[in-house]
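Please read the structure below before turning to the comments.
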Amino acid sequence: MKQRIAQFALVVDDYDTAIAFYVDILGFDLLEDTELSPEKRWVRVRPRGTENGAAILLAKAKNEEELAAVGNQTGGRVFLFLETDDFDRDYQRLEKYDVTIVREKSVEEYGTVAVFADLYGNLWDLIQRPVGTT
C-alpha cells in the first residue's frame, strides 16, 4: 500500500493576507487561487522546490467557531515543520520580514532548528537536518 498526505487545510482569516505571508515572506509557491463563490476561494501554497510535497490549503474561516481556531489549530504546540537545505538563508529571511522567532536557533542531534510563529501565531519549526539524514 502506498499513501501520502497531498494537502491539509490551514484556517486563515483572509485569503490575500495569508497569500502575502506564505508567498511573499516565506517564499512559498502559489499553486492555485480559484474563486469558487464571492466568499470562497480554493487557495493552495507549497514550499518552493517541493514538487511532490504536501500543499497547504488556505481555508478562510466561515463562522465564529472556525475564526476562533485561527492561529491555534494545535493548542499552542508546534504545528508545522519546514525543512530547509540552507538554515541560515531561511532564518535570515524570517528576520528580514520581522517574523516572530519564538525559540532562537539551536543545534541539536537531529539538526539545526528554530521555532517561529506565522502571521496567525501557528508555531513552525524551521529545521535543517544533518547531512546524510532524512
Side-chain angles (χ1 to χ4, degrees):
M1 180 165 74
K2 185 176 181 179
Q3 298 177 326
R4 72 181 182 97
I5 295 175
Q7 67 187 13
F8 59 91
L10 180 65
V11 182
V12 301
D13 65 355
D14 179 77
Y15 293 116
D16 295 322
T17 303
I19 290 169
F21 180 81
Y22 289 101
V23 174
D24 299 338
I25 294 177
L26 292 188
F28 287 15
D29 289 326
L30 178 61
L31 302 175
E32 185 175 0
D33 185 356
T34 304
E35 185 175 318
L36 302 176
S37 73
E39 310 79 41
K40 187 174 181 179
R41 290 157 52 184
W42 186 258
V43 178
R44 297 182 324 122
V45 298
R46 179 172 56 213
R48 192 160 286 145
T50 55
E51 294 177 21
N52 295 317
I56 301 172
L57 175 69
L58 301 176
K60 185 176 176 184
K62 65 181 182 293
N63 56 43
E64 290 301 316
E65 183 179 356
E66 290 181 10
L67 197 56
V70 171
N72 192 28
Q73 294 182 113
T74 60
R77 295 199 48 135
V78 170
F79 177 39
L80 299 157
F81 298 80
L82 182 60
E83 288 192 3
T84 179
D85 63 349
D86 188 335
F87 183 91
D88 291 329
R89 174 200 63 214
D90 293 338
Y91 190 82
Q92 288 170 5
R93 184 180 181 107
L94 295 175
E95 291 181 320
K96 174 183 174 184
Y97 288 103
D98 294 322
V99 173
T100 301
I101 304 297
V102 176
R103 194 178 82 217
E104 295 292 330
K105 171 184 174 179
S106 65
V107 178
E108 307 294 339
E109 182 177 311
Y110 55 85
T112 303
V113 64
V115 177
F116 70 93
D118 68 13
L119 74 161
Y120 299 108
N122 294 305
L123 298 181
W124 292 65
D125 268 4
L126 174 66
I127 185 167
Q128 183 175 4
R129 303 259 183 219
V131 175
T133 63
T134 57

Could you tell me if the side chain of [Y] sits less than 4.5 Å from the side chain of [X], heavy atoms only?
X      : Y      : value
Val78  : Arg103 : no
Val43  : Lys60  : no
Ile56  : Phe28  : yes
Phe21  : Leu58  : no
Asp90  : Phe116 : no
Gln92  : Asp86  : no
Val70  : Asn122 : no
Arg129 : Phe87  : no

Closest heavy-atom pair and its distance - [X], [Y]:
X     : Y     : answer
Gly53 : Arg4  : O-NH1, 4.4 Å
Arg44 : Ala55 : NH1-CB, 3.7 Å
Ala59 : Ala9  : CB-CB, 4.4 Å

Enter the distance from [X]:[atom1] to [Y]:[atom2] here, rounded to the nearest 0.5 Å.
X      : Y     : atom1 : atom2 : answer
Leu126 : Glu83 : CG    : CD    : 10.0 Å
Ile19  : Asp33 : CD1   : CG    : 4.0 Å
Thr100 : Glu95 : OG1   : CD    : 12.0 Å

Let me check something: do [X] and [Y] share a hydrophobic cluster, defined by ILVMFWY side-chain heavy atoms less than 4.5 Å apart, either directly or through other members?
X      : Y      : result
Ile101 : Tyr97  : yes
Val99  : Ile127 : no
Leu82  : Leu30  : yes
Val12  : Leu123 : no
Leu119 : Val23  : yes

Just by distance, no angles: are the side chains of Tyr22 and Asp118 close enough, under 3.5 Å, to form a donor-acceptor pair?
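Tyr22 vs Asp118: donor-acceptor pair found between side chains.
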Check whether any side-chain N or O of [X] sits under 3.5 Å from a backbone N or O of [Y] as a donor-acceptor pair, and report yes or no.
X     : Y     : result
Thr50 : Pro47 : yes
Arg93 : Ile25 : yes
Asp29 : Leu31 : no
Arg48 : Gly27 : yes
Gln7  : Ala54 : no
Gln73 : Val11 : yes

Should the heavy atoms of other residues, nucleotides or ligands under 6.0 Å from [atom1] of [X] be counted, would the total exceed 12?
X     : atom1 : answer
Glu65 : CD    : no
Leu36 : CG    : yes
Asn52 : CG    : no

Derivation and outcome, side chain to side chain contact (heavy atoms under 4.5 Å, CB included), residues Leu80 and Phe8:
CA-CA 11 Å; Leu80 299 157; Phe8 59 91; 3.3 Å; yes
Only one of Lys96, Glu104, Gln128 clears side-chain hydrogen bond (donor to acceptor under 3.5 Å, both in side chains) with Tyr91; which?
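The passing option is Glu104.
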